[in-house]
Amino acid sequence: MDGVAQLQKQLVDYTASLFQEGFLDEQFNQLQQLQDESNPDFVVEVVSLFFEDSERLLNELAKALEQKTIDFRKVDAHVHQFKGSSSSIGAQRVQKVCIAFRNYCEEQNIEGCLKCLQQVKHEYSLVKSKLETLFKIEKQLIAAGGSIPT
């Protein structure tokens with residue numbers, strides 16, 4: 001098996017594992033279908049915006065939950081935004097934690113919110129690392145003269 005074929009197999013297997021492990025859902029496939037020759041970096045650009053937005057939202061959430069008097073509506077608004085952006089790129093596990101997080105906001109349960117903040121940070125860092133690895137494999141494949149299998 002030559003280098004290109006090996007990289008293509010690695011990419012296909014790695015992508016499949018991200019779906020099997022629940023990191024990504026069908027929305028990620030739909031995002032990939034929007035990418036074409038006229039915009040070859042579309043997915044990387046959208047996901048990079050998600051990363052930037054997520055970092056900002058996680059910081060906002062941490063700050064909001066450190067206040068003496070917690071504004072649960074504000075916390076919920078940030079979680080709602082995070083849920084939406086994670087859903088738009090197919091980051092399924094982040095989205096699921098956000099659903100539980102919003103329930104704790106509704107109940108004004110500070111312990112639950114703090115627990116979910118840790119979980120969402122954890123799931124976010126995992127999916128970020130996994131997607132960065134995926135993009136690295138794609139880049140290696142293109143550099144080797146291959147193409148991304150569709």
Side-chain angles (χ1 to χ4, degrees), residues 7-36 38-143 147-150:
L7 283 167
Q8 280 181 320
K9 182 181 178 349
Q10 184 183 357
L11 180 64
V12 168
D13 292 347
Y14 189 74
T15 304
S17 77
L18 295 181
F19 283 90
Q20 288 162 358
E21 294 170 28
F23 286 104
L24 299 175
D25 65 20
E26 181 56 32
Q27 186 61 35
F28 188 77
N29 284 337
Q30 291 179 11
L31 196 62
Q32 286 181 310
Q33 289 170 5
L34 296 172
Q35 183 166 292
D36 57 21
S38 67
N39 198 352
D41 297 325
F42 179 74
V43 175
V44 171
E45 288 168 8
V46 170
V47 171
S48 294
L49 289 172
F50 166 72
F51 291 160
E52 287 172 27
D53 201 38
S54 297
E55 302 285 342
R56 181 185 57 78
L57 286 167
L58 287 169
N59 286 331
E60 294 288 330
L61 281 165
K63 269 191 253 168
L65 289 169
E66 287 169 358
Q67 302 304 310
K68 284 199 188 325
T69 307
I70 295 169
D71 181 348
F72 284 97
R73 283 197 329 261
K74 186 177 183 180
V75 173
D76 184 59
H78 291 314
V79 176
H80 180 70
Q81 192 177 353
F82 198 20
K83 180 177 157 263
S85 61
S86 60
S87 172
S88 72
I89 68 144
Q92 181 175 285
R93 286 169 48 164
V94 172
Q95 181 190 358
K96 285 181 176 175
V97 176
C98 286
I99 292 167
F101 203 152
R102 291 198 71 200
N103 290 334
Y104 285 123
C105 286
E106 200 174 297
E107 297 167 5
Q108 299 195 356
N109 179 331
I110 181 64
E111 290 81 19
C113 285
L114 290 169
K115 188 176 128 214
C116 280
L117 177 60
Q118 293 314 308
Q119 285 179 313
V120 85
K121 280 181 176 179
H122 177 71
E123 288 299 339
Y124 165 71
S125 68
L126 284 175
V127 79
K128 182 178 184 200
S129 170
K130 302 272 184 189
L131 286 168
E132 286 171 340
T133 299
L134 178 72
F135 296 149
K136 192 171 122 198
I137 298 168
E138 286 180 351
K139 214 174 191 175
Q140 289 171 338
L141 178 58
I142 300 295
S147 61
I148 311 276
T150 51

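It should be emphasised that the depicted structure is a prediction, and the values quoted were computed from it without experimental measurement.
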_Minimal non-hydrogen separation, Cys98 against Val120, with atom names_ = SG-CG2, 3.9 Å
*From Phe51 CZ over to Ser85 OG, what is the distance, rounded to the nearest 0.5 angstrom?*
11.5 Å
*Polar side-chain atom of Asn59 near backbone of Glu55 as donor-acceptor pair, under 3.5 Å*: yes
Return a table of donor-acceptor pairs under 3.5 angstrom between the side chains of residues 73-82 and protein atoms on other chains or two or more places apart.
from	atom 1	to	atom 2	distance (Å)
Asp76	OD1	Arg102	NE	2.8
Asp76	OD2	Arg102	NH2	3.0
His80	ND1	Arg102	NH1	2.8

_Closest non-hydrogen atom pair between Ile70 and Ala64, with its separation_ = CG1-O, 3.9 Å
*Could you tell me whether the side chain of Ser17 reaches within less than 4.5 Å of the side chain of Asp13, counting heavy atoms only?*
no
Return all side-chain donor-acceptor pairs below 3.5 angstrom for residues 18-31, not counting sequence neighbours, or 'none' if the list is empty.
from	atom 1	to	atom 2	distance (Å)
Asp25	OD1	Gln27	N	3.0
Glu26	OE1	Asn29	ND2	3.1

_Shortest non-hydrogen contact from Ser38 toward Pro40_ = C-CD, 3.7 Å
*To the nearest 0.5 Å, what is the distance between CD1 (Ile148) and CG (Leu141)?*
5.0 Å
*Who pairs with Glu123 by salt bridge (Lys or Arg N to Asp or Glu O under 4.0 Å), at least two apart in sequence or on another chain?*
Arg93
When the side chains of residues 125-136 are checked against the rest of the protein, which donor-acceptor pairs come out under 3.5 Å, sequence neighbours left out?
from	atom 1	to	atom 2	distance (Å)
Ser125	OG	Lys121	O	3.4
Ser125	OG	His122	O	2.9
Thr133	OG1	Ser129	O	3.0

_Show the nearest heavy-atom pair for residues Val43 and Gln32, with the distance to one decimal._
CG2-CA, 3.6 Å
Which atom pairs, donor and acceptor, lie under 3.5 Å between side-chain atoms of residues 105-116 and protein residues at least two apart or in another chain?
from	atom 1	to	atom 2	distance (Å)
Asn109	OD1	Glu111	N	3.2
Asn109	OD1	Gly112	N	2.7

*Could I get the full list of salt bridge (Lys or Arg N to Asp or Glu O under 4.0 Å) partners for Asp36, not counting sequence neighbours?*
none
*Not counting sequence neighbours, which residues clear salt bridge (Lys or Arg N to Asp or Glu O under 4.0 Å) with Asp53? List them please.*
Arg56
*Residues forming a side chain to side chain donor-acceptor pair (under 3.5 Å) with Asp41, sequence neighbours excluded*: none
*Stepwise side chain to side chain contact (heavy atoms under 4.5 Å, CB included) check, Lys139 with Val44*: CA-CA 11 Å; Lys139 214 174 191 175; Val44 171; over 6 Å; no
_Does any part of the side chain of Thr15, heavy atoms only, come nearer than 4.5 Å to the side chain of Leu11, both counted from C-beta?_
yes
